[in-house]
Amino acid sequence: MFTKVLIANRGEIALRVLRACRELGVKTAVVYSTADADSAAVRLADQAVLIGPAASRRSYLNAAAIVEAARLVGAEAVHPGYGFLSEDADFAEICAHNGLTFIGPPPEVMAALADKSSARKLMRRAGLPLPPGSVAPVPTVERAAQVAAEVGYPVIVKAAAGGGGRGMTVVHTPAELPRAYARTRGAAQVAFGDDRVYVERYLVGARHVEVQVLCDGHGNGVHLGTRDCSVQRRHQKLVEEAPAPFLSAGTLESIADCALRGALEVGFTGAGTVEFLVDPDERFHFLEINCRIQVEHPVTEMITGIDLVHEQLHIAAGVPLRWRQGEIRPHGVAIECRVNVEDPDRDFAPTPGRLERFLPPGGPFTRVDTHGRPGYLVGPHYDSLLAKVAVWAPDRELALNRLERALEEFDIAGPGIRTTIPFVRRVLDDAGFRKGRYSTGLVDRLLADPTDPPHRRTR
């Protein structure tokens with residue numbers, strides 16, 4: 001095991017990694033920007049290194065500063081968390097060139113999977129089903145129109161280098177395609193420095209189902225079951241649960257087996273997530289592979305009892321996988337919601353400000369991952385995620401009730417502060433969600449509902 005790990009992130013995930021390291025007897029160092037000087041991670045780490053101003057491109061995205069910080073504190077490995085540089089193959093390669101272990105897959109694997117067209121080719125070769133559409137990028141709008149006509153509308157235009165819910169446009173008619181094609185290419189160039197796009201059939205009524213996998217550097221791998229992440233706004237998840245509900249045992253088993261086969265086929269190592277779209281007939285289609293720990297990893301931990309960050313650290317240290325597939329027996333239901341400092345009534349616009357009150361819920365089988373505290377300033381510089389509330393119960397109905405109870409207890413207040421808690425409670429109250437009649441369009445349906453109860457709107 002490593003002696004010291006540098007945590008190249010902030011917020012709740014920096015705390016999560018720090019705690020896992022401490023439990024394993026590993027010393028920690030964190031990097032931080034001027035905006036995070038008073039953060040919980042900085043206060044709790046063994047060492048902290050200031051790497052730049054608030055702007056992420058000059059701090060948390062500054063690979064040279066992070067590597068220099070690791071060398072300064074004598075760290076042997078770098079844990080990137082999620083977001084920022086966590087899926088940056090160039091950063092992983094820079095770490096390797098400087099004698100640092102990047103806690104994640106090899107750079108060449110990350111590069112191949114970051115390119116969505118490359119990933120689709122690899123997964124097709126591994127036998128995973130793909131949505132109908134182009135495997136290679138479409139170089140012209142004429143070719144895009146050709147593909148759309150072949151697979152049928154609606155279609156979705158996606159950036160080949162996209163990720164995190166960015167770089168995609170749904171197109172419902174041929175008349176919309178030229179503008180959507182040009183807009184997506186332009187946005188992709190600005191966001192990713194790569195304007196390549198591909199076109200695939202947009203699966204109406206589909207659910208977003210993913211599989212957690214663990215693979216070591218010795219050719220071993222296991223899956224830890226499924227998660228449903230269909231409750232999304234602007235392709236960003238709000239509610240996640242494990243296992244994915246309302247799917248047959250056969251479908252769940254097939255999705256998990258396909259996910260593990262695909263990960264092993266490409267030489268994946270570490271903790272990763274293979275994502276699928278599942279249509280109403282339970283046909284599933286490969287979407288992408290995420291080469292990092294996911295925000296929603298607590299629900300998998302709660303149903304399996306396996307600490308995923310511990311496993312990341314062991315795998316990166318060269319330890320053979322400590323689990324066999326037959327030893328993993330998921331039990332019960334876990335549901336997580338994200339508490340973002342956003343106003344759902346203003347298209348989920350961020351609402352930064354200082355927290356005057358911050359009292360997370362407690363109680364049986366209730367977990368809160370957060371970096372918030374009374375007096376904490378939620379700044380405008382970074383993602384608006386403030387906390388994750390996850391609960392476990394023997395069945396889904398009790399888990400939903402337990403999460404509703406926990407959210408009712410959560411007391412957050414400050415000038416101008418709004419959170420997503422009222423909207424999440426609307427999701428939990430929705431009859432379609434409760435009965436399994438929902439898809440990735442659930443949030444849009446609720447936002448369009450004129451009968452939105454006023455008492456749910458602010459908090």
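For clarity, every value in this text was computed on a predicted model and none was experimentally measured.
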Side chains of T184 and T169, donor plus acceptor under 3.5 Å: yes

E282 (side chain) donor-acceptor with D279 (main chain) under 3.5 angstrom: no

Test log, rule side-chain contact (heavy atoms from CB on, under 4.5 Å), inputs E336 and V295: CA-CA 10 Å; E336 173 187 288; V295 178; 4.3 Å; yes

P80 backbone acceptor or donor facing N9 side chain under 3.5 Å: yes

Residue pair E275, N290: steps toward the side chain to side chain donor-acceptor pair (under 3.5 Å) verdict: CA-CA 8 Å; E275 302 191 345; N290 289 306; 2.7 Å; yes

For L238, the option from V339, V427, V231 that meets side-chain contact (heavy atoms from CB on, under 4.5 Å): V231

Among I303, T300, I335, the one residue meeting side-chain contact (heavy atoms from CB on, under 4.5 Å) with R227: T300

Intermediate values then yes/no, side chain to side chain donor-acceptor pair (under 3.5 Å), Q312 and H79: CA-CA 9 Å; Q312 281 188 299; H79 196 303; 2.8 Å; yes

Q294-R292 side chain donor-acceptor pair, cut-off 3.5 Å: yes

Flag, side chain of R418 to backbone of P344, donor-acceptor distance under 3.5 Å: no

Side chain to side chain donor-acceptor pair (under 3.5 Å) evaluation trace for D383 with Y82: CA-CA 11 Å; D383 185 88; Y82 54 69; over 6 Å; no

Pair S254-T251, side-chain donor/acceptor within less than 3.5 Å: no

Residue list, side chain to side chain contact (heavy atoms under 4.5 Å, CB included) with A244, at least two apart or on another chain: R207, V209, T226, D228, L247, L252

Donor-acceptor under 3.5 Å (S384 side chain, N340 main chain): no

Quiz item: cation-pi between R373 and F358, 6.0 Å / 45°: no

Geometric class of the Y376/H371 ring pair [parallel <30°, tilted 30-60°, perpendicular >60°]: perpendicular

Check: Y153 main-chain N/O paired with R201 side-chain donor or acceptor under 3.5 Å: yes

Within 45° cone of F246 ring axis and under 6.0 Å: R434 NZ or CZ: no

Euclidean distance, R338 CZ relative to L386 CG, rounded to 0.5 Å: 13.5 Å

Geometric class of the F433/Y438 ring pair [parallel <30°, tilted 30-60°, perpendicular >60°]: tilted

From R143 atom CZ to Y181 atom OH, the distance as rounded to the nearest 0.5 Å: 11.0 Å

Flag if over 12 foreign heavy atoms under 6.0 Å of CZ, F365: no

Pair R233 + D347, salt bridge at N-O below 4.0 Å: no

Residue list, side chain to side chain contact (heavy atoms under 4.5 Å, CB included) with R329, at least two apart or on another chain: none

